[in-house]
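First up is the structure itself, then whatever we jot down about it.
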Amino acid sequence: MMSILPFLLDEDLRICTEKIVRTIESRVLNVDRQLHRNVIDPFSAVFGCLVQGMEPDQWLQLEKVRQIQKTLENGLGEFHQDILSSLPGWERMDDVVDLKNRDLKMVAEVKNKFNTTKGSDKKSIYDNLNSVLGRRGYEEYNGYYVEVIPKNPDPYNMPFIPPDNVTN
């Protein structure tokens, strides 16, 4: 029998997929109860209704969809970490960076999409990777900033040098 993905066990894929599906289903089931968990911007609601020519209840329905979509997008980050940490040799690391591979001597911070992180926040990612590489036992490791969905479809492997407005 052939695997769905040749580099990943079907059972690991099933577990990772079920986890994100449960997260989204839970959000969908609880969207009405959790709708006002965070303060809804009344200005966004008023101007959204005015500009889009909709009634407040229509806007509220769109806000529910937006909140579910946001949960999905956040869940995809976890999904990618779950998938990647299921690959041979890879494991979750800690709260500083996402993954490590002892055999390949690599640590990685993984983001779903190229525009997930603002340019100014990339310096923090760089600093976090650098701090891990400075730990005892990680001297020979390389750090990677991984974009699952890059801006361009061409594969790349280039130095990660984020902007730094403080030290230039």
Side-chain angles (χ1 to χ4, degrees), residues 1-28 31 38 44 48 51-52 61-135 138-168:
M1 183 166 125
M2 188 167 172
S3 294
I4 295 171
L5 299 172
F7 52 86
L8 185 67
L9 295 174
D10 287 349
E11 180 63 11
D12 289 338
L13 179 60
R14 184 190 63 75
I15 291 168
C16 295
T17 302
E18 283 180 0
K19 181 178 172 185
I20 189 171
V21 168
R22 279 193 311 271
T23 299
I24 302 310
E25 286 176 339
S26 173
R27 184 67 169 122
V28 169
V31 69
N38 295 320
S44 176
V51 171
Q52 298 176 72
Q61 286 303 106
L62 287 177
E63 175 62 13
K64 290 176 186 179
V65 170
R66 187 198 68 78
Q67 288 187 13
I68 292 167
Q69 182 64 27
K70 188 68 177 168
T71 300
L72 170 61
E73 290 169 6
N74 291 338
L76 287 173
E78 275 292 307
F79 176 75
H80 289 131
Q81 286 181 44
D82 289 342
I83 291 289
L84 292 171
S85 65
S86 297
L87 297 174
W90 288 94
E91 59 187 275
R92 282 186 177 261
M93 191 151 172
D94 54 29
D95 59 347
V96 178
V97 297
D98 297 326
L99 302 167
K100 72 177 170 182
N101 186 308
R102 296 170 202 257
D103 297 331
L104 298 175
K105 297 196 181 308
M106 297 166 70
V107 295
E109 178 66 22
V110 180
K111 297 299 179 193
N112 177 42
K113 197 172 173 188
F114 69 93
N115 63 354
T116 301
T117 307
K118 296 184 302 188
S120 58
D121 293 337
K122 289 182 179 176
K123 184 187 180 311
S124 297
I125 294 170
Y126 180 91
D127 290 342
N128 288 344
L129 287 166
N130 199 37
S131 75
V132 170
L133 297 176
R135 292 180 188 171
Y138 289 89
E139 299 87 0
E140 295 183 21
Y141 278 62
N142 287 310
Y144 287 86
Y145 171 70
V146 178
E147 296 171 335
V148 175
I149 302 171
K151 188 172 187 173
N152 299 307
D154 301 322
Y156 65 93
N157 182 359
M158 58 191 206
F160 175 52
I161 306 169
D164 181 357
N165 297 332
V166 177
T167 63
N168 292 321

Exercise. Pick from K70, E63, Q69: which one makes a side-chain hydrogen bond (donor to acceptor under 3.5 Å, both in side chains) with Q67?
Worked result: E63

Of all residues at least two apart in sequence or in a different chain, which pass the salt bridge (charged side-chain N to carboxylate O under 4.0 Å, His left out) check with [X]?
| X | result |
| --- | --- |
| E78 | K19, R92 |
| D127 | K123 |
| R102 | E91 |

For this session: Please assess L72 against I20 for the test side chain to side chain contact (heavy atoms under 4.5 Å, CB included), listing each intermediate value before the final yes or no.
Result: CA-CA 8 Å; L72 170 61; I20 189 171; 4.1 Å; yes

Shortest non-hydrogen contact from [X] toward [Y]:
| X | Y | value |
| --- | --- | --- |
| L84 | W90 | O-CB, 3.2 Å |
| T117 | D121 | CG2-CB, 3.6 Å |
| Y145 | K111 | CE1-CG, 3.6 Å |
| G143 | L133 | N-CD1, 3.7 Å |
| V96 | S131 | CG1-OG, 3.9 Å |

Please round to the nearest 0.5 Å and tell me the distance separating atom [atom1] of [X] and atom [atom2] of [Y].
| X | Y | atom1 | atom2 | value |
| --- | --- | --- | --- | --- |
| R14 | L8 | CZ | CG | 12.0 Å |
| R135 | N130 | CZ | CG | 11.5 Å |
| C16 | E11 | SG | CD | 10.0 Å |
| E18 | L13 | CD | CG | 10.0 Å |
| Y144 | L129 | OH | CG | 11.0 Å |
| R66 | E73 | CZ | CD | 9.5 Å |

Problem set entry | Over 12 foreign heavy atoms within 6.0 Å of CD, E140 | no

Problem set entry | Audit row: Y138, K100, side-chain hydrogen bond (donor to acceptor under 3.5 Å, both in side chains) steps and yes/no | CA-CA 10 Å; Y138 289 89; K100 72 177 170 182; 3.0 Å; yes

Seminar exercise, completed: Residues passing the side chain to side chain donor-acceptor pair (under 3.5 Å) test with E25, sequence neighbours excluded, are none

Do the side chain of [X] and the main chain of [Y] share a donor and acceptor less than 3.5 angstrom apart?
| X | Y | answer |
| --- | --- | --- |
| D82 | S85 | no |
| D10 | I4 | yes |
| N112 | L76 | no |

Exercise. What residue pairs, at least two apart or across chains, pass salt bridge (charged side-chain N to carboxylate O under 4.0 Å, His left out) with a residue in residues 151-163?
Worked result: none

Exercise. Which residues pass the ring pair (Phe, Tyr, Trp, His ring centres under 6.0 Å) test with Y126, sequence neighbours left out?
Worked result: none

Seminar exercise, completed: The residue among N142, D98, V132, N128 that forms side chain to side chain contact (heavy atoms under 4.5 Å, CB included) with V107 is V132

